[in-house]
Structures are given as structure tokens and as C-alpha cells.
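Please read the structure below before turning to the comments.
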Amino acid sequence: MKHYDYLIVGAGLFGATFAYRAHQAGKRCLVIDKRPQVGGNLYCEEVEGIHVHKYGAHIFHTSNKAVWNFVNSIVEFNRYTNSPVANYQGKLYNLPFNMNTFYQMWQVTTPEEAQAKLDEQRREALEAMQKAGVDAPRNLEEQAIALIGRDIYEKLIKGYTEKQWGRKCTELPAFIIKRLPVRMVYDNNYFNDAYQGIPIGGYNKLIDGLLEGADVETSTDFFANRAHWESMADKIVFTGKIDEYYDYRYGALEYRTVRFEEEVIDTPNYQGNAVVNYTEAEVPYTRVIEHKHFEHFGEAVYNLKKTVISREYSTEWKGESEPFYPVNNDRNTALYEQYRALAEQEERVIFGGRLAEYKYYDMAPIVERVLNMEV
Ligand code: UDP
């Protein structure tokens, strides 16, 4: 039987990027994945000529030129600028929070007027923090109000966040909302990064390019025959759930998952944008993705007569489907630390990615981490 330098458990972005680098370094890699296909949550399927992001929309963005050049050396990326729109009770607001949003919310037209409104709106949270004698927001609600004020919190953040995480904003960590920029200019670009795009031809091209040179076995569950797989290589790269790796000995970490309701619609342009967030609590889904807008722009939208949308329903992960988001609250953070302490003692196992590091990772930092690793 062939022996490998690395057994890589999981063919998502971390595993595939690692396989690529190891192959470049002359190492032999075996990549196994329990799903029938590779790509983890980047996996796309073509429906009506459109690449449908089967496990949720992915937009690659980074300011790291080395990372951008690296992914573009595997497959060329387009320039896609993410500008989600929020729908609250039928009224539309631009995201991220910028002069357009402030105009829509308060009819202010200059940065000075907007700033005065924001200062007034933020005061509540700042006073509460002062009273409590803390200098940093204690939870997501306090963070949101300190960042952007109560009006925007109530209309654009509270309902969406509580649907997405299934927990009260007062019970969620502040850092989740720090991802969102606040801008005093009319600029609906969701990301601050210098580079942003989608692989031309879809994410499967990126993953297939990264996995070239590795042996790959899909529909293969590491845990079904762990000793066998572990004996196949000198070192292991594990990208699955770290709590499962340790047989849940300290308890199970919590995750959110997303259910997608996909629909082909007989119209070329359903919502005029790739991403529309539904920010009120009463609408059961968090957002609607119209996939064609990631790769077909302007008049080209009308070249395909149909469109494909996915409504996203966020629920607690109970072992079905795939875990998507780690829930980084105090309980899980403390639990993860226990597992991390075990992981640090491992000499032949590398843990990486959203599930193994229990981290709300974007794609670019994953690639960056692997590019900086010794292989
Ligand atoms: N968020 C929000 N309203 C929105 C969009 C995002 O309150 O319309 C908050 C929400 O708490 C979410 C976080 O911002 O969890 C990060 O959102 P992002 O769109 O970056 O999440 P992802 O695309 O990773 O699911």
C-alpha cells in the first residue's frame, strides 16, 4: 500500500491549499473527504448555466497581495464588488453602514449631519458602559449601539443577528459585528479590502487546481476507520471538528448551520442584486442569494433567461447536514481552549480551518495561514 507524507482530512479550502503547497514541496498527499465531492463549503453546482454556491455565498476578499496573486495563479478571479441590500419591512437600506444608509434612515445628506446623528445615537451605549465602569462593549448589542446607534441596531442588526445566531444580541460576543465597516462616504462596497472577486468559472476550478497532484478519495469518512487512515501517512492535517477529533471528551462545541431553499425562477433578474438581507425577525430566512449576479454583470444578466435563488435559514447544528459557523460565546470559547491545549501537544497533527480552529474564518486568512506554514 502506498505511504504518504501527509494525510489531509477534509478537502475544503484549508486542506486543498495545504495539499497544493505540500505537492509543490515534493510531498505526497492523500486527501480524504466524507462528502461525495471536494471543495467543502465552497462547492458549486451548475444550474441553468449559473454557478450555484451550494453551501452559501462565498466572496473572496483580501488586502494581501501575495494571497491574491496566489489564488489568481490557480484560477483567474473576476472583480466582483459585494454590495448587499437590507430589506426591513419592505424598505431598502444599503450596506455596509454608510452615507446612503444614513440618508435612507434619517434623511441626512452631509457627513457632518450624519456624524451628529450618530453621536446622539451612540451616546446611550457609551453612557451605559461608563456607568458599568467598562471601556469595551460587553456584548453584541452594546457593541452595535456603540458603533452605529439604536435606530440602525433595531432595524438592520437585531433581527438579522438573532435569526442568524439563534441567540439574543446581549448573549453574543461583540467581535461578530466589528466585521462590518462604518463609512462616512457614499460607498456601498461591503469590504474594505483592496482585492475582491469570484473565480471565473466558479470555485470548483480553484479547488480542483489546488488538489492537482494529490490523491483524493471522496465519500470517505476518517472516523469510520481512523486507525487505518492514520497509518497511511507520516503526518496528518486535520480540518474537521476538533471536538470530534478528541471524541468529545470535554463536551461538544456548538455550531450554526444553514438550510438552503433553492428555487429556479423563470425570470432573468429576480432581485437585481446578489445579496438581499431580510433584517426583521418576522421573515424566517436571513437572506436571499441570486447567484447569477456573482458572475454575470450588466446586460449579460439577460443572456440567461432564468435565474436561481437560495433562501437561507439559519438553525442550530444538530449533527445533520454540515456545521457552518462556530458559536464563539464564553462557554464554547472556554471549551475550545481545552481542546486546543490537547492539539498543541500533538507532534504529527496539524489542525486548520473553521472547524478545527473553531474560528469564524474568512477564506483569505485561511490561504494566508497555509502560505505561511512550513510544509
Ligand atoms: N449583520 C447584521 N445585519 C446585516 C448583515 C450582517 O446585523 O444585514 C451582522 C450579523 O450579526 C452577522 C454579522 O453582521 O452575523 C456578520 O455578517 P456577514 O455578512 O459578514 O456574515 P457572513 O457573510 O459571514 O455570514
Side-chain angles (χ1 to χ4, degrees), residues 13 40-42 53 55-62 80-89 91-98 100-101 104-105 137 139-183 188-193 196 198 255-260 271 273-281 283 285-289 291 294 310-317 322-329 353-355 359-366:
L13 187 60
N41 285 0
L42 296 189
H53 299 212
Y55 299 92
H58 283 77
I59 300 147
F60 200 96
H61 57 98
T62 183
Y80 170 77
T81 301
N82 190 30
S83 313
V85 169
N87 182 321
Y88 177 78
Q89 298 183 345
K91 278 191 79 176
L92 299 183
Y93 299 87
N94 287 112
L95 295 172
F97 309 124
N98 75 91
N100 288 308
T101 329
Q104 291 146 353
M105 191 66 64
N139 55 56
L140 195 150
E141 176 175 295
E142 205 161 81
Q143 174 70 64
I145 300 174
L147 194 70
I148 203 76
R150 181 165 286 275
D151 286 355
I152 290 182
Y153 168 68
E154 298 279 356
K155 291 186 173 156
L156 303 185
I157 296 175
K158 189 170 190 289
Y160 186 93
T161 300
E162 294 187 348
K163 280 191 287 187
Q164 171 159 4
W165 297 98
R167 286 157 178 80
K168 297 261 167 252
C169 287
T170 47
E171 287 155 20
L172 285 165
F175 82 87
I176 291 177
I177 206 78
K178 281 198 203 150
R179 290 166 62 89
L180 306 184
V182 177
R183 296 214 192 94
N188 299 326
N189 181 353
Y190 201 60
F191 301 118
N192 286 323
D193 288 315
Q196 161 173 196
I198 309 275
Y255 300 86
R256 298 292 288 173
T257 190
V258 185
R259 181 171 64 80
F260 301 95
Q271 61 181 15
N273 203 28
V275 186
V276 179
N277 293 354
Y278 286 81
T279 58
E280 73 217 66
V283 174
Y285 39 87
T286 50
R287 57 188 171 193
V288 178
I289 303 296
H291 301 267
F294 290 124
S310 304
R311 294 185 193 86
E312 296 190 3
Y313 296 83
S314 183
T315 57
E316 203 71 8
W317 183 71
E322 301 294 336
F324 277 62
Y325 296 92
V327 182
N328 294 104
N329 57 18
R354 256 196 194 197
L355 302 179
K359 189 171 163 185
Y360 191 1
Y361 249 137
D362 287 333
M363 290 180 282
I366 297 241

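For ligands, and for the atoms within them, numbers begin at 1 and follow the listed sequence. Excluded from the calculations below are hydrogen atoms, water molecules and symmetry mates; all remaining heavy atoms, backbone and side chain alike, are included. Residues take their numbers from the sequence shown, with the count starting at 1.
In this structure, the ring pair (Phe, Tyr, Trp, His ring centres under 6.0 Å) partners of H291, at least two apart in sequence or on a different chain, are H53.
Residues E316 and R167 are paired through a salt bridge, judged by an N-O separation under 4.0 Å between the basic side chain and the carboxylate.
Protein residues having at least one heavy atom under 4.0 Å from any atom of ligand 1 are L95, L156, I157, Y160, T161, Q164, W165, I176, I177, R179, L180, Y190, N277, T279, R287, Y325, Y360, listed by chain and number.
The side-chain tip of R259 points at the ring of Y313 from less than 6.0 angstrom away and within 45° of straight on.
Y88 has its ring centre no less than 6.0 Å from the ring centre of Y93.
No side-chain N or O of N82 forms a donor-acceptor pair with one of Q196 less than 3.5 Å apart. Side-chain atoms of R183 and N192 form a donor-acceptor pair, as typed in the model, at a separation below 3.5 Å.
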